[in-house]
Amino acid sequence: MKKIPEHIAESASLTERAKKIIEELRIVEILEDAGAEVNLVGSLRMGLLSKHQDIDFHIYTDTLDVEESYNMIGKLASDKRVEKVLFGNLADTDEHCFEWHLWCRDECDSLWQIDIIQILKGSTSDGYFEKIADEIASSSSPEQKDTIIRLKYETPEEEKIMGIEYYAAVIKDGVRNYAEFTEWRKNHKFEGIFEW
């Protein structure tokens, strides 16, 4: 029987732990009960979760009301496992959103970051990142997903690299190892919104 690579096994374990956090905190139910359309985005949606323990949601509402948003997130923050909450008001920018960042402990006492971006329905970003995530997931082979996860684990902690950089390097340009990835990054700069 073929042994599962350590980075793949770890990614699978983190994925299960992330799903358990979502279920135990009742994230989807609480947000939907408040009238939001809730979509998982990011590496968890794509099956590419690695050592950075984060969970990303984009939620959509008809209005951006600060008080209503605080009440909604307050229900999540009332769970004793949630240690910290940060809020960013970008309603009057081109982003048309509120940014919520929560940090909570899981059963292994590991700290997870949960990003909940509340976006105005019908704005420029409505559905954009979900579409990109699904395109990346559908256009990547099992071997490419393996490479992406491995590269994420090989990245030094002090390096801050956006997920899209791994995906573009491996899926679009055939990068196979960290040395190639480092060289690839010298010639590719990602700023702001990107096209897939």
Side-chain angles (χ1 to χ4, degrees), residues 18 21-22 25 27-50 52-77 82 84-104 111-140 148 151-152 155 158-173 181 184-196:
I21 289 169
I22 292 168
L25 292 182
I27 295 174
V28 175
E29 292 91 333
I30 287 171
L31 298 176
E32 287 182 344
D33 285 349
E37 175 190 324
V38 182
N39 292 322
L40 185 66
V41 293
S43 58
L44 183 57
R45 180 181 180 121
M46 293 181 280
L48 296 169
L49 191 61
S50 67
H52 292 121
Q53 296 177 182
D54 59 350
I55 300 168
D56 301 296
F57 285 99
H58 281 186
I59 67 172
Y60 299 89
T61 52
D62 292 322
T63 60
L64 292 177
D65 182 281
V66 173
E67 186 175 347
E68 289 177 2
S69 192
Y70 263 84
N71 289 337
M72 174 176 62
I73 299 300
K75 291 177 182 175
L76 293 176
V82 176
K84 184 170 78 168
V85 178
L86 289 178
F87 171 69
N89 187 339
L90 300 174
D92 293 330
T93 71
D94 291 340
E95 305 292 326
H96 300 294
C97 70
F98 295 152
E99 290 188 356
W100 290 100
H101 307 282
L102 297 81
W103 285 264
C104 76
L111 192 63
W112 287 74
Q113 181 174 334
I114 303 170
D115 295 331
I116 299 172
I117 311 302
Q118 182 180 353
I119 301 168
L120 184 67
K121 280 185 181 177
S123 62
T124 307
S125 299
D126 189 337
Y128 178 80
F129 291 95
E130 293 87 335
K131 177 176 173 284
I132 293 293
D134 290 342
E135 287 177 0
I136 290 170
S138 65
S139 65
S140 55
I148 290 166
L151 289 176
K152 286 182 174 184
T155 301
E158 63 274 10
E159 287 282 349
K160 301 300 178 195
I161 300 175
M162 293 186 298
I164 189 64
E165 296 182 69
Y166 296 101
Y167 313 145
V170 174
I171 299 168
K172 287 190 166 187
D173 294 330
F181 182 54
W184 181 91
R185 290 190 72 227
K186 291 176 183 176
N187 301 308
H188 298 80
K189 301 296 179 188
F190 286 95
E191 296 177 6
I193 299 293
F194 50 84
E195 297 292 335
W196 179 253

Which residues satisfy the side chain to side chain contact (heavy atoms under 4.5 Å, CB included) test with [X], sequence neighbours excluded?
{"X": "Ser123", "value": "His96, Ile119, Leu120"}
{"X": "Glu159", "value": "Thr155, Pro156, Ile161, Tyr178, Arg185"}
{"X": "Asp115", "value": "Asp56, His101, Gln113"}
{"X": "Ser138", "value": "none"}

Could you work out, with side-chain hydrogen bond (donor to acceptor under 3.5 Å, both in side chains) as the rule, every residue matching [X], not counting sequence neighbours?
{"X": "Gln53", "answer": "none"}
{"X": "Lys160", "answer": "none"}
{"X": "Thr61", "answer": "Gln118"}
{"X": "Asn89", "answer": "none"}

Problem set entry | Non-neighbouring partners of Trp184 that pass ring pair (Phe, Tyr, Trp, His ring centres under 6.0 Å), sequence neighbours left out | His188
Problem set entry | Set of residues satisfying salt bridge (Lys or Arg N to Asp or Glu O under 4.0 Å) with respect to Asp65, sequence neighbours excluded | none
For this session: With sequence neighbours left out, write down each residue that passes salt bridge (Lys or Arg N to Asp or Glu O under 4.0 Å) with Asp173, or none if nothing qualifies.
Result: none
Show which side-chain atoms of residues 34-44 pair as donor or acceptor with protein atoms under 3.5 Å away, not counting sequence neighbours.
residue	atom	partner	partner atom	Å
Glu37	OE2	Asn39	ND2	3.4
Asn39	ND2	Glu130	OE2	3.1

